[in-house]
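The shown structure was predicted, so the numbers you read here are calculated from the model rather than taken from an experiment.
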Amino acid sequence: MSHTNGLGASTALSKEVEESLVTDLEKVALEKDSPTPSSLERTITSKEGDILVATTSRVDSLDPDNHKLSHEFQFPEDPDAPEEHQFTFRAVFVGCMLGGVIAASNVYLGLKTGWTFGASLFGSLFGFAILKPMSRVLPEKFGGGYFGPKENVCCQSAATAAGSLGLLFVSGFPAAYQLGLMKSPKEDFGRLITF
């Protein structure tokens, strides 16, 4: 077995040193394979080419909720929640209204300063602030009913899409006027509304 130091020089380990390393790792593995009251640790020793690899993993075998640590269960859904519809009229309508506010403010802010901001966070927070109370107060036929995180994402997506529609008025049209491709808004009214 040979090891390489940081400078690339290769040194060979004697057979005795290699056997003692493997023996020590096996002892650690045997000590850690004995189950403790709350966990079980396993050490797997393998040899990949000239490199000796030891991997230790801890498994909480006695914990029935061990699967909740997985990335799939970090945001569990409420089991008592009714069947939800994430693409709803109220989510799209509120998202488009919030996106319209962002689009108008982006045109003004972009022409004054050259900076704009995204509608994603605004649409998510204000969409939740509008739709959650509305879902509790109104009857179901007027936009009430269960409101969950997936419907809030739909509202956020609609706000993001609607909020970015005014960006052409901030960048594209002013550039066309600067380059002389367009004359004046009165003469180019047809071009402006076809956007």
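Both Phe122 and Leu109 are members of a single hydrophobic cluster when ILVMFWY side chains are connected at heavy-atom separations under 4.5 Å. A single hydrophobic cluster is seen to contain both Met182 and Val107, as judged by linkage of ILVMFWY side chains at heavy-atom distances under 4.5 Å, directly or through other members. Both Leu138 and Phe128 sit in one connected hydrophobic cluster of ILVMFWY residues. Membership requires side-chain heavy atoms under 4.5 Å apart, directly or through other members.
The shortest non-hydrogen separation linking Arg191 to Leu181 is NH1-O, 3.1 Å. Closest approach of Ala119 to Ala159, counting heavy atoms only: CB-O, 3.4 Å. Across Ser105 and Phe117, no two heavy atoms sit closer than the pair OG-CZ, 3.5 Å. In this structure, Ala158 and Cys96 approach most closely via the heavy-atom pair CB-N, 4.1 Å. Of all non-hydrogen atoms in Ala103 and Ala162, the two that sit nearest each other are CB-O, 3.7 Å. What you find for Val94 and Cys155 is that their closest heavy atoms are CG1-SG, 4.0 Å.
Checking side-chain atoms of Thr194 against main-chain N and O of Gly190 turns up a donor-acceptor pair under 3.5 Å.
Atom CG of residue Leu131 and atom CZ of residue Phe126 lie 13.0 Å apart, to the nearest 0.5 angstrom. Distance check, rounded to the nearest 0.5 Å: CG of Leu125 to CG of Leu98 gives 10.5 Å. From Trp115, atom CH2 reaches atom CG of Asn106 across 13.0 Å, with rounding to the nearest 0.5 Å. Atom-to-atom distance recorded for Phe173:CZ and Leu168:CG is 4.5 Å, nearest 0.5 angstrom. Between atom OG of residue Ser157 and atom CG of residue Asn152 there is a gap of 9.5 Å, rounded to the nearest 0.5 Å. Taking OG1 of Thr113 as the reference point, atom OH of Tyr108 lies at 9.5 Å (rounded to 0.5 Å).
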Check against side-chain contact (heavy atoms from CB on, under 4.5 Å), Met97 and Ile130: CA-CA 11 Å; Met97 292 299 109; Ile130 293 169; over 6 Å; no

With side-chain contact (heavy atoms from CB on, under 4.5 Å) as the criterion, how do Val153 and Gln86 come out once you've worked through the C-alpha distance, each side chain's angles and the decisive distance to 0.1 Å? CA-CA 8 Å; Val153 169; Gln86 59 194 27; over 6 Å; no

side-chain contact (heavy atoms from CB on, under 4.5 Å) assessment of Thr88 paired with Cys154: CA-CA 8 Å; Thr88 60; Cys154 180; 5.9 Å; no

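Of the candidates Arg136, Arg90, Met134, Arg90 is the only one forming a side chain to side chain contact (heavy atoms under 4.5 Å, CB included) with Phe147.
Thr116 places a side-chain heavy atom less than 4.5 Å from the side chain of Leu167.
Applying the 6.0 Å contact sphere to OH of Tyr177 captures more than 12 heavy atoms from other residues, nucleotides or ligands.
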